[in-house]
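See structure below.
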Amino acid sequence: MPIRQPVTPLLILLLLFGLSACRPTPTTGPADAAPPLQVVVTTSIVGDVVQRIGGDAIDVQVLMPAGVDPHSFEPTPRQVAAMSDADLIFSHGLNLEETMAPLLHSMAAEQKRIVAVAAGVQIIAVADAPDGIDPHTWMDPNNVLVWVDAITQALSEADPAHASYFEGNAEAYRQQLHQLDAWIRQQVATIPPARRQIVTDHLIFSYFARRYGFEQIGAIMPATSSLAGSSAQALSQLEDIIRSSGVPSIFVGNTVNPDVAQRVAQDTGVRLIKIYTGSLSPADGPAATYLDYMRYDTRQIVQGLR
Ligand SMILES: [Zn+2]
């Protein structure tokens with residue numbers, strides 16, 4: 001039988017010292033650091049990238065739920081209050097958040113710190129767009145590298161004590177973006193070049209097309225905003241394009257009503273394939289992060305066109 005010895009105060013002290021020496025130091029920065037930055041983000045895609053870089057050092061609130069169209073979203077009064085209280089707001093910018101633009105302008109005028117993550121991206125002009133540009137910059141992961149720089153800089157300015165933590169997270173995420181880009185190129189290489197033609201609900205694929213060698217040959221709403229609508233004449237032109245090009249599938253996003261696209265698919269005898277466009281999927285869906293979103297859409301496109 002083991003001999004039971006009384007636990008001495010000295011032993012207790014030793015144990016306490018030993019335990020505190022073994023306790024992991026916080027990875028987010030100094031133990032006496034200020035409470036986490038309160039960060040508000042407009043879209044779920046931008047929100048995911050901000051969260052990757054901010055990690056445990058920030059509290060993120062994303063305004064737009066999964067499945068919501070970023071072009072037409074309007075925040076609730078409670079969300080507007082959260083924006084007023086936030087340390088930092090991230091939007092996509094380039095007028096993606098069309099209906100939120102007046103609110104974002106007025107908050108910026110009141111000295112609220114608002115960072116448009118895509119402001120530094122080399123934009124693609126599209127003749128039909130209201131501002132002449134395609135705002136869907138994340139369809140090329142190389143553009144998200146530009147977002148990462150803007151996000152890391154803004155977080156580090158707002159919370160300099162965590163600057164090296166943010167930069168470490170950013171560097172790990174940059175590697176994942178490079179891997180994603182290489183993976184997409186491998187996948188796309190399995191589609192014969194002549195079949196790399198895309199028809200979508202609205203014109204969101206300019207950056208993807210430039211990077212991976214596709215042609216965006218038409219859209220249900222021939223504009224870079226889902227607010228544009230369509231006309232009978234435009235739809236009949238689109239059906240002609242689909243028939244003459246021989247595309248086997250059209251791709252419709254999660255943030256628009258698919259009814260018109262369904263009718264076009266029926267009229268022309270092509271498949272209608274679901275992709276994610278303006279938002280991520282819910283957390284339990286197949287596109288809950290930006291990386292998964294791009295993998296999901298790439299697989300759907302490859303299967304639809306090969
Ligand atoms: Zn859009």
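Read the numbers this way: they start at 1 and go in the same order the structure lists the ligands and their atoms.
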(message) Please list all pairs meeting salt bridge (Lys or Arg N to Asp or Glu O under 4.0 Å) that have one or both residues in residues 271-285, counting only residues at least two apart or in different chains.
(response) none
(message) Is there a continuous path of hydrophobic side-chain contacts, each under 4.5 Å between heavy atoms, that joins Ile217 to Phe251?
(response) no
(message) Centroid separation under 6.0 Å, is that true for the rings of His71 and His202?
(response) yes
(message) Strictly under 2.8 Å of the Zn ion (ligand 1): which protein N/O/S atoms qualify?
(response) His71 NE2, His136 NE2, His202 NE2
(message) I'd like to know if the side chain of Ser281 reaches the main chain of Ala287, judged simply by a donor and an acceptor atom lying under 3.5 Å from each other, with no hydrogens or angles considered.
(response) yes
(request) Using a strict cut-off of less than 4.0 Å between a Lys/Arg side-chain nitrogen and an Asp/Glu carboxylate oxygen, indicate whether Arg210 and Asp134 qualify as a salt bridge. (result) no
(request) Kindly state whether the ring of Phe205 and the ring of Phe208 have centres lying under 6.0 angstrom apart. (result) yes
